[in-house]
Structures are given as C-alpha cells and as structure tokens.
K.L.:
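Provided herewith is a single structure, encoded as structure tokens, for subsequent inquiry.
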Protein chains: 2
Amino acid sequence: MGNEFRVDREMVVGAYTELVRQMSAKRIRRLAEHLRSRELSLNQYSILNIVHYEEGCSSIQLANRLQLKAASITYLVDSLEKRKLVTRVENPEDRRSHTIHLTEEGLELVCVPENHAEMFGMFEQLGQDELEMLYLAMRLIRSKCLGEEQEH
Amino acid sequence: MGNEFRVDREMVVGAYTELVRQMSAKRIRRLAEHLRSRELSLNQYSILNIVHYEEGCSSIQLANRLQLKAASITYLVDSLEKRKLVTRVENPEDRRSHTIHLTEEGLELVCVPENHAEMFGMFEQLGQDELEMLYLAMRLIRSKCLGEEQEH
DNA sequence: TATTGTTATACTCTATAACTATA
DNA sequence: TATAGTTATAGAGTATAACAATA
C-alpha cells in the first residue's frame, strides 16, 4: 500500500506554529502565576534569571538583554537590592562598573517550579512507541531546526 | 537487534521542557519586536487579540481574561480608541455595558507577521522522512498531551 | 572623548476607592 | 441591592536628559 499521505513543509510549518502557540501559553501562564505570588515584575524576574545564568552581570549587559535604558536598570536593581535579592559588587578591572550577583534569597526565586506531576500527567496517555517517537522528534527539532538558540 | 535504547517518561519530560523553553523564546522575541515597532504594550495587544477572536467583547470579559481591574481596562481601551484601533458599541441588551470591536486599522495590528521565510528555513535541512515524523509527533502532542488548551 | 552608571523628571500603566447609570 | 463601567488619585515602571566618575 505504501504511504500515499504526503507531508509537505507548509503543513509542518502550520503544525509547528500552532504547537508553539499552545505550548507557550501553558508555560507563560505558569510563569505569570509564579511572578504574581512572589510580587516580581517580569523585568525584575528577568534580571534575577540573567544574573543567575551569567553568574554575575553588569548594568549595561542587562540593558542590552532586556532592551531597557540604563536608568531603568538602575531603578530595577535598586528595587531588587532593597529586597536583598541581588548585590552590587565593585568591578576591580573597571572602577566605573559594578557586577550584579544573586543572593541566596534571590536564587530561591529564580526557579519557576516545574510542577513535575503535571508534566508527567501530560505524557500519561502515551505508549512506549509514542514516547520514543516524540523523544526523537524533539531532539530532531532542537538539533536541526532551532539551531543556535540559547536563552535563559 | 531490536531497540535496546529505552526512552522513559523522565527523558521525554526533560526534552519537552527544554524544547518549550527554546520555542517560546523565539516566539516571544518576535512578538516583542512586533509590539515595539507598533508602539503597543503587551496588554494593549492582548485586548486587540481577544476582541478579534471573540468578535467583540465587554470590559468585564477583558478584565477577567487579562487579570486586570476594570479601571485599567478603561484606561487601555481609551488609549486604543484614541488611536482608532477599537470602538465601543452600546449593548442593546444591557444599557450599562459596551461591546468593544476592532476597527480595520486594529485588525492590521493583530497579526504578528510569521516571517514565513524564516519558518520555512527552520525545516530546510529535514528530509521527507523527518518531516513526516515531525508532523506526526506534533499532532500527537496536541491531541494527547496538550488537551483542552485554546488560547488566542 | 567615550563609557558606565546615577539622578531628576515626566509619562505610561495599574490598583484602589468613590461614583453614575442601569439591572 | 448588585453589576458594568468611569473618574480621581497614588504608586510602580520606563524613558529622556543632564550629570559624575572613570577609561
């Protein structure tokens, strides 16, 4: 019989677009919940996140990453410093500049709890073959389609 | 020979989490760009979006969907009405209430251009077999894992 | 001179509370 | 009384411009 069913790139693009829309919606909802309950704005959270993954970061770097003006970064870092979530440390190599670091308390807010049970639940209905297909497909997307993406 | 390589749910959850992170990052970046260039805030855009898909919508509905107070909706809708992106129409069934509709100009801003060329480019390296596997996997996720999600 | 970052100020967005009009 | 929405006001977040300290 063979496979008369033809999948073309147009179909894949359509399916991908719709999938990203749905997957993102779920993820964004969980993040929003996390931020509301911790009384963090999105940009405050992003600063914690970037500082965490960069293991220390200057104002200028934050301004570039977040597409905000330096003055806004000063305001936001002030607000985080008051809550003892970050500290400014002098940069010995350039005395104009400070490096922003996470405190222990800041570190605790960076991780959005994944709700592991819910994640597991998502894949509950899948059999072993389906799990394997999915896993291969996801690895394929990451290696051949998403390319150099690496955002924290 | 068989397939000795075992994929378990833990691996699938891990791969899925990472994939969503990367896919969302790309999508969010494009949306942010769209909004910046159109001088729309995220909530202004969300209002256009909801009003579009609901084909007209009351303030209360918007407040619920966006988790904002009624006064904030008034402010945002005012700002959109001044730019002639939406109109308030009296609701004949309840004279306290207005229905918010998109104008032609508003409609133009709702669609975030998908950058079709870039999307196509993403799947450029895939052969026919890979395209088919991907397509099936994406349909599988939507039908068996994401469930009832339907967000606009 | 150029760069890093802060301060002063104004504008946008959001919440709270008091209010109007209608149900 | 309750509900849909607005107005007035205060506080958070962001941008612009002027500035200080350092490169």
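Chain naming here is simple, since letters A, B, ... match the order of the sequence lines and numbering starts at 1 in each. All values reported here derive from a predicted model rather than from experimental measurement.
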K.L.:
How long is the line joining NZ of A/Lys82 and C1' of D/dG13, in whole Å?
P.N.:
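The distance from NZ of A/Lys82 to C1' of D/dG13 comes to 12 Å, rounded to the nearest Å.
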K.L.:
Would you list the pairs meeting ring-ring contact (aromatic ring centres under 6.0 Å, His included) in which at least one residue belongs to residues 10-29 of chain A, sequence neighbours left out?
P.N.:
A/Tyr16-B/Phe123
K.L.:
Distance check: side-chain N/O of A/Arg36 vs OP1/OP2 of C/dT14, anything under 4.0 Å?
P.N.:
no
K.L.:
Base, sugar-phosphate alone, or nothing: which one does B/Thr74 contact when heavy atoms must sit under 4.0 Å apart?
P.N.:
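Touches a base.
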K.L.:
For A/Ile100 and C/dT6, give me the distance from atom CD1 to atom P, rounded to whole Å.
P.N.:
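One finds 8 Å between P of C/dT6 and CD1 of A/Ile100, rounded.
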K.L.:
Under 4.0 Å, counting only non-hydrogen atoms across every strand here, what does A/Ser72 touch: a base, just sugar-phosphate, or nothing?
P.N.:
base
K.L.:
Assign a letter to each nucleotide of nucleotides 18-23 of chain C from its 5' end: B, base within under 4.0 Å of a protein heavy atom; S, sugar-phosphate only; -, no contact.
P.N.:
---BBS
K.L.:
Restricting to side chain to side chain contact (heavy atoms under 4.5 Å, CB included), what partner residues turn up for B/Arg139, sequence neighbours left out?
P.N.:
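Side chain to side chain contact (heavy atoms under 4.5 Å, CB included) check on B/Arg139 returns B/Tyr135.
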K.L.:
Find the distance B/Asn64:CG to D/dG5:C1' and express it as a whole number of Å.
P.N.:
14 Å
K.L.:
What's the CD1-P distance between A/Ile60 and C/dT4, to the nearest Å?
P.N.:
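So the two atoms are 4 Å apart, to the nearest Å.
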K.L.:
Just compare C/dG5, C/dT14, D/dT7 and give me whichever is closest to any side-chain atom of B/Asp78.
P.N.:
D/dT7
K.L.:
Could you go over nucleotides 11-13 of chain C and give all protein N or O partners under 3.5 Å, atom names and distances?
P.N.:
residue : atom : partner : partner atom : Å
C/dC13  : OP2  : B/Tyr75 : OH           : 3.1

K.L.:
Determine, step by step, whether A/Tyr53 and A/Asn49 satisfy the side-chain hydrogen bond (donor to acceptor under 3.5 Å, both in side chains) criterion, reporting the C-alpha distance in whole Å, the side-chain angles of both residues, the deciding distance to 0.1 Å, and the verdict.
P.N.:
CA-CA 6 Å; A/Tyr53 284 100; A/Asn49 209 326; 4.8 Å; no
K.L.:
Using whole Å, report how far CG of A/Leu42 lies from P of C/dT14.
P.N.:
13 Å
K.L.:
Taking side-chain hydrogen bond (donor to acceptor under 3.5 Å, both in side chains) as the definition, give me every residue that meets it alongside A/Lys144, ordered by chain and number, with sequence neighbours left out.
P.N.:
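side-chain hydrogen bond (donor to acceptor under 3.5 Å, both in side chains) check on A/Lys144 returns B/Glu130.
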K.L.:
Checking A/Arg96 now: which residues fulfil salt bridge (charged side-chain N to carboxylate O under 4.0 Å, His left out) with it, not counting sequence neighbours?
P.N.:
A/Asp94
K.L.:
Rounded to the nearest Å, what distance is computed from the CD atom of residue A/Glu90 to the P atom of nucleotide C/dT4?
P.N.:
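So the two atoms are 17 Å apart, to the nearest Å.
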K.L.:
For A/Tyr75, give me all partners under ring-ring contact (aromatic ring centres under 6.0 Å, His included), at least two apart in sequence or on another chain.
P.N.:
none
K.L.:
According to side chain to side chain contact (heavy atoms under 4.5 Å, CB included), who are the partners of B/Arg88, at least two apart in sequence or on a separate chain?
P.N.:
B/Thr74, B/Val77, B/Asp78, B/Glu81, B/His98, B/Ile100
K.L.:
For B/Glu33, what residues pass the side chain to side chain contact (heavy atoms under 4.5 Å, CB included) criterion, not counting sequence neighbours?
P.N.:
none
K.L.:
Whole angstrom is fine here: how far is it from CD1 in A/Ile73 over to P in D/dA12?
P.N.:
18 Å
K.L.:
In plain terms, say whether B/Glu124 and A/Arg9 are close enough for a salt bridge, that is, a side-chain N and a carboxylate O under 4.0 Å apart.
P.N.:
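So B/Glu124 does not pair with A/Arg9 through a salt bridge.
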